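What you see is a predicted model; the values in this text were computed from it and never measured. Residues: numbered from 1 along the sequence shown.
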Amino acid sequence: MEFFRIHKDIPFMKHALVFNVISLITFLLAVFFLATKGLHFSVEFTGGTLMEVSYSEPPALEKLRDALTKEGYPDAQVQNFGSARDVLIRLPNREGVETGKVSEKVMASLAAVEGPKAEMRRVEFVGPQVGKELASDGAMALLLVIGGIVLYLAMRFEWRFAVSAIIANLHDVVIILGFFALFQWEFSLPVLAATLAVLGYSVNESVVVFDRVRETFKKKRGLTTPQVLDHAITSTISRTIITHGSTQIMVLSMLLFGGETLYYFSLALTIGICFGIYSSVLVASPLVMWLGVSREQFMQVKKEKQEAVV
């Protein structure tokens with residue numbers, strides 16, 4: 001921690017307007033891509049067939065994808081899971097094809113591929129109705145998490161802090177979804193889990209900064225509100241560097257070496273961590289300042305407690 005300690009406060013609030021204009025433009029772009037392109041939902045949400053097959057030796061996934069493309073499944077997803085010999089295949093629904101015959105056709109296509117032969121392990125069909133229920137349940141989970149965060153922040157801090165933190169956190173979520181809409185990356189259940197994790201991760205950083213803001217207001221009487229915010233951010237920046245740096249190293253290892261199964265999960269976390277740092281420090285804090293937080297609000301609480309004791 002001492003290695004990263006900065007002895008002079010960095011004037012973040014001096015550039016608060018610039019930071020928030022950049023943030024607003026990014027947010028509006030994300031909303032635009034969500035509205036125009038939408039999310040590319042996975043089989044779990046849209047419905048389809050999930051198959052698990054195993055091989056005696058690791059197969060060439062590209063050959064399997066080519067075989068399924070020739071069979072009429074250009075959108076088929078083929079990836080390893082567990083080990084290099086186990087393969088998970090996701091197939092979207094096709095009109096005019098009976099669900100029960102899909103696995104038979106796929107196994108026939110895989111059998112024609114040169115190399116080790118596939119052995120069926122499991123077949124699971126996800127109907128469109130189930131996919132809609134998963135999508136609605138996922139949206140409800142997101143709303144419940146947001147509601148829980150708002151309630152927690154409102155109980156722990158003054159309402160200005162709660163409003164600022166939740167705006168910053170929603171900013172992170174919308175930008176993650178905007179990236180997935182822009183590049184049409186697959187939005188699956190693991191990506192939804194990563195989005196929920198980013199919400200909790202971002203609010204933790206906001207709480208750390210806000211705790212230091214409250215502490216600085218009470219201890220340092222000669223500072224203005226922007227100076228208090230600058231001091232709070234600068235004094236916690238060593239923690240931010242170490243915490244987010246170590247977390248990003250772990251997530252980056254999953255992104256580079258986790259294979260296709262963990263790729264979009266870790267990609268969503270990477271985007272969330274990067275923008276989470278930005279929003280928690282450079283979006284939430286200026287919002288608190290513009291909402292009118294001041295030392296008198298904390299001193300008034302202290303005075304009321306003293307009067308109650310008397």
Side-chain angles (χ1 to χ4, degrees), residues 37-139 141 177 179-195 253-270:
K37 291 192 171 185
L39 293 172
H40 174 50
F41 289 105
S42 66
V43 171
E44 291 95 341
F45 295 111
T46 60
T49 303
L50 282 79
M51 299 176 57
E52 293 181 9
V53 296
S54 63
Y55 290 83
S56 58
E57 299 177 6
L61 297 185
E62 287 300 325
K63 292 183 178 180
L64 303 185
R65 293 189 185 102
D66 292 340
L68 293 175
T69 299
K70 293 178 182 179
E71 184 63 32
Y73 289 100
D75 296 332
Q77 300 167 23
V78 182
Q79 60 192 55
N80 291 117
F81 77 101
S83 69
R85 295 182 301 168
D86 298 318
V87 178
L88 177 64
I89 301 174
R90 292 187 177 95
L91 303 167
N93 287 325
R94 282 177 56 189
E95 295 182 2
V97 178
E98 295 183 15
T99 305
K101 295 182 178 180
V102 171
S103 59
E104 297 178 5
K105 291 184 177 181
V106 170
M107 292 303 294
S109 298
L110 298 181
V113 177
E114 296 182 2
K117 300 306 177 183
E119 179 183 349
M120 177 70 70
R121 295 282 296 278
R122 182 174 70 94
V123 180
E124 181 178 340
F125 173 71
V126 180
Q129 185 60 37
V130 176
K132 291 180 181 179
E133 290 179 2
L134 283 174
S136 61
D137 290 346
L177 299 180
F179 269 97
F180 274 78
L182 171 62
F183 297 105
Q184 287 297 288
W185 294 328
E186 183 188 58
F187 190 85
S188 59
L189 286 177
V191 175
L192 175 61
T195 305
S253 65
M254 288 195 299
L255 182 66
L256 297 177
F257 307 112
E260 192 173 347
T261 306
L262 295 176
Y263 182 77
Y264 289 118
F265 171 78
S266 53
L267 187 60
L269 285 177
T270 298

- Query: In terms of heavy-atom contacts, does CZ of R65 have more than 12 from other residues, nucleotides or ligands at under 6.0 Å?
  - Reply: yes
- Message: So for atom NZ, which belongs to K70, do other residues, nucleotides or ligands contribute more than 12 heavy atoms lying within a distance under 6.0 Å?
- Response: no
- When the ring planes of W185 and F179 are compared, do they come out parallel, tilted or perpendicular, using 30° and 60° as the limits? parallel
Quick one: closest heavy-atom pair of [X] and [Y], and the distance?
X	Y	result
A181	L39	N-CD2, 4.0 Å
Q79	L61	CA-CD1, 4.3 Å
P92	Y73	O-CE2, 3.8 Å
R85	S56	CD-O, 3.4 Å
E71	S109	OE1-OG, 2.9 Å

- Message: Just so I know, are the side chains of D86 and N80 near enough to count as touching, which here means a heavy-atom distance under 4.5 Å?
- Response: no
About how many Å separate [atom2] of [Y] and [atom1] of [X], when rounded to the nearest 0.5 Å?
X	Y	atom1	atom2	result
S103	M120	OG	CE	5.0 Å
F257	L255	CZ	CG	10.0 Å
L91	L68	CG	CG	6.0 Å
E119	K117	CD	NZ	14.0 Å
F183	K37	CZ	NZ	8.5 Å
T69	L64	OG1	CG	10.5 Å

- Would you call E52-R122 a salt bridge at under 4.0 Å N-O? yes
Indicate every side-chain donor-acceptor pair of residues 186-195 with a distance under 3.5 Å to a residue at least two apart or in another chain.
from, atom 1, to, atom 2, distance (Å)
E186, OE2, Q77, NE2, 2.2
T195, OG1, V191, O, 2.9

